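Worth saying up front: this structure is predicted, and the values here are computed from it rather than measured.
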Amino acid sequence: MSVDQQKPALTWFCVRTNGEAQRQGWKSDVPLADLPRHVGAGEGDVVEACVVESVRPVAHEKFSRSFRQRDRGLLGIEITLGDKRTRLAPTQMLAANLRFDRALETFLQRQGATADEFAADGRLLSFSTRQYLLPGSGAGRPTRLLRGGTVVAPMPSQGEDRAADLADGIGRWMVNNLTAEGALPYRYWPSQGKEAPGDNAIRRFLANRALAQLGELRGSAEVREAARRNLRYNLDRYFQDIGDGRGAIVEEAGAKLGAAALAALTILESPARQEFLPVLTKLAAGVASMVDRERGFRTFFFPPERDGQNWNFYSGEALLFWAEALRRGADCAPTLEQCAAVFERCRACHFEDRNPAFVPWHAQACTSLFACSGRREFADFVFEITDWLLPMQQWDGLPTDLRGRFYNPKRPEFGPPHASSTGVYLEGLADAEVLARAVGDWSRASAYERAIRRGLRALRQLQFRDERDAFYVSERKRVMGALRIEVYDNEIRVDSAGHALTAVVKILRPMTFGAGAGSRKPV
């Protein structure tokens, strides 16, 4: 019998012990309070439950519109072909990190059927549910879930400091997952309980930078040492002398300007920088060798055919390294005139083809350049590009758990919503907000502070905060404090943590431009 023929009390259940599924299936006409007893749950178990509320048929040609990414975890799907059927509850799909299209593809593979055969004779239903976690003992109140998690309120409660809470969780995750060799996991799949393939040096270095910043913020010897070990691991793995006194960060795909710049910036800010000073000198020379008269910077040391790719990211990462080297008075720093010349070229190129990926890196770089020089052109550019970015933050008209992320559905080429995007945009916003305060632009400061508050809400929603968010995870030490890349995709990636952590460190310890500048209430 299909879902649309069942009584309203049809309920999906899964009994879990320490995150591991023990028994699962569908029950009819069992009161929610009695469900744990009916399915044999005991003390220490939790029961994941989805009570079906409404059902509707879906035409095959409307599959993608009826089962959107943002519907994962809210809608279930029933697929029928002949006498074969699969019915997947929303939390079941979340726990497996299963997409709708993949669910259909898997069903057809198991039946040995083609897409054409399904189009001729198959049926699709979508259904919504009320979602709960129930204590297996039957004692205690059920926890109402939205998309398999508890919802972070739009506004923080009295005394709540979301930036500090976010930082503490990410810091614990990093320290708990640092290997004896000093490595952090690049990608982790909670649904499978294992690290995923892939690698990216830029993302590893930005996470290391964030960890070191947290160590300084908290004055923690443990975190400082973890960051030093991780930096040593990353440099041993990726740094190469490429000749002429230059160094680069080399991966299989080549050597990227952004990787060299972020590695150099990480060393520059590290309390252990003296240990890595020869590497910093060569990386700084490498970045300097990439200056370009038209676009500010070239983006790939090699291979040459990739030069120009990822310019929106790498030009800002390089200019941020230069600006911070200048602000800190480093021996490897360029002159203000060199920075200004590159800035002017990057500004012109951005206006030719605007992209949000450009904004956070250049906002941070220009904030540092303003702190060095007091030149208003740097501040004005920060405000212009940040103002342009703000409408891309989503709030009204979305499910509560999606509010605060950055995504422009009218410009999908700008990229999908992602924890790392929200994190890096908050990095730029944190600097832009304190810069606005420094120059007395209170209207902008207020607008940026609101965006920061909303962005923190989004990031806290993505964070594995407690056992309720990780009810389907058995290896909880591997996930607690980390960020899922979206509320409907539980993959963990190290740059999501790195960007969010750097952003909250900036919020908790803002750059100063003079007496009274940068004061901020908890958000």
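Checking side-chain atoms of W311 against main-chain N and O of R295 turns up a donor-acceptor pair under 3.5 Å. The backbone N or O of A183 sits nowhere less than 3.5 Å from a side-chain atom of N230 that would complete a donor-acceptor pair. With hydrogens and angles ignored, the 3.5 Å screen pairs a side-chain donor or acceptor of R457 with a backbone N or O of V152. In this structure a side-chain-to-backbone donor-acceptor pair under 3.5 Å is missing from Q394 to R405. Side-chain atoms of R460 do not come within 3.5 Å of backbone N or O of A153 as any donor-acceptor pair. Q393 places a side-chain N or O within donor-acceptor distance of the main-chain N or O of A451, the cut-off being under 3.5 Å. Side chain of T266 to backbone of L262: a donor-acceptor contact under 3.5 angstrom is found. At distances below 3.5 Å, at least one donor-acceptor pair connects side-chain atoms of R147 with backbone N or O atoms of R70. Between the side chain of S421 and the backbone N or O of P417 there is no donor-acceptor pair closer than 3.5 Å. Using a distance-only test at 3.5 Å, with no hydrogens or angles considered, a donor-acceptor pair links the side chain of R187 to the main chain of P197.
No side-chain donor from either of E222 and S220 sits under 3.5 Å from a side-chain acceptor of the other. Inspection of the T502 and E427 side chains reveals no N or O donor paired with an N or O acceptor under 3.5 Å. Checking N490 against Y188 by side-chain atom types alone, no donor-acceptor pair falls below 3.5 Å. The closest side-chain donor-acceptor pair between R411 and N355, if any, does not fall under 3.5 angstrom.
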>> Applying salt bridge (Lys or Arg N to Asp or Glu O under 4.0 Å) to R465 and D165, what does each step give before you reach the verdict?
In response: CA-CA 9 Å; R465 289 164 282 131; D165 293 341; over 6 Å; no
>> Could you go through F297 and W322, starting from their C-alpha distance and side-chain angles, then the distance that decides it, and tell me whether this counts as ring pair (Phe, Tyr, Trp, His ring centres under 6.0 Å)?
In response: CA-CA 12 Å; F297 287 104; W322 268 20; 5.3 Å; yes
> Between W361 and Y314, does a ring pair (Phe, Tyr, Trp, His ring centres under 6.0 Å) hold up when you go through it step by step?
Replying inline: CA-CA 9 Å; W361 295 110; Y314 299 169; 9.6 Å; no
>> Applying side-chain contact (heavy atoms from CB on, under 4.5 Å) to I202 and F313, what does each step give before you reach the verdict?
In response: CA-CA 11 Å; I202 289 180; F313 299 97; over 6 Å; no
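Between E195 and R478 a salt bridge is recorded (basic side-chain N to carboxylate O distance below 4.0 Å). Salt bridge R437/E449: present, at least one basic N to carboxylate O contact under 4.0 Å.
Using a 4.5 Å heavy-atom threshold, the side chains of V479 and E475 count as separate. When side chains are defined from C-beta on, I267 does not count as touching F239, because their heavy atoms never get closer than 4.5 Å. Annotation: side chain of F276 is not in contact with side chain of L283 (no heavy-atom distance under 4.5 Å). Put simply, the side chain of R375 does not reach to within 4.5 Å of the side chain of F370, judged on heavy atoms. At a threshold of 4.5 Å between non-hydrogen side-chain atoms, the residues R72 and N97 count as touching. Counting only heavy atoms from C-beta outward, the side chains of M511 and S368 approach each other to under 4.5 Å.
Scanning both residues, R218 and A164, for their nearest heavy atoms gives NH2-O, 3.6 Å. Contact between A430 and I507 at its shortest, heavy atoms only, is CB-CG1, 4.0 Å. The nearest pair of heavy atoms linking S191 to A96 is OG-C, 3.5 Å. Contact record, I170 with A500: CD1-CB, 3.7 Å, taken as the closest heavy-atom pair. Nearest heavy atom pair, residue L184 against residue R204, reads O-NH1, 2.7 Å. The two residues A180 and R229 have their closest heavy-atom pair at O-NH2, 3.3 Å.
Using bins of under 30°, 30° to 60° and over 60° for the plane-to-plane angle, the ring pair H362/F381 lands in the perpendicular bin.
Judged as a salt bridge (charged side-chain N to carboxylate O under 4.0 Å, His left out), and not counting sequence neighbours, the contacts of R232 are D236, E275. M480 meets the side-chain contact (heavy atoms from CB on, under 4.5 Å) test with F464, A470, R476; sequence neighbours excluded. Evaluation of the salt bridge (charged side-chain N to carboxylate O under 4.0 Å, His left out) rule for D495 yields R203, R493 as partners, not counting sequence neighbours. Looking at residues two or more places apart in sequence or on another chain, you find a salt bridge (charged side-chain N to carboxylate O under 4.0 Å, His left out) between R237 and D199.
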For residues 245-253, which side-chain N or O atoms pair as donor and acceptor with protein atoms under 3.5 Å away, sequence neighbours left out?
| unit_1 | atom_1 | unit_2 | atom_2 | d |
| --- | --- | --- | --- | --- |
| R246 | NE | G243 | O | 3.4 |
| R246 | NH1 | S289 | OG | 3.4 |
| E251 | OE1 | A201 | N | 3.0 |

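Here salt bridge (charged side-chain N to carboxylate O under 4.0 Å, His left out) pairs that include residues 332-345, with residues two or more places apart or in two chains, number zero.
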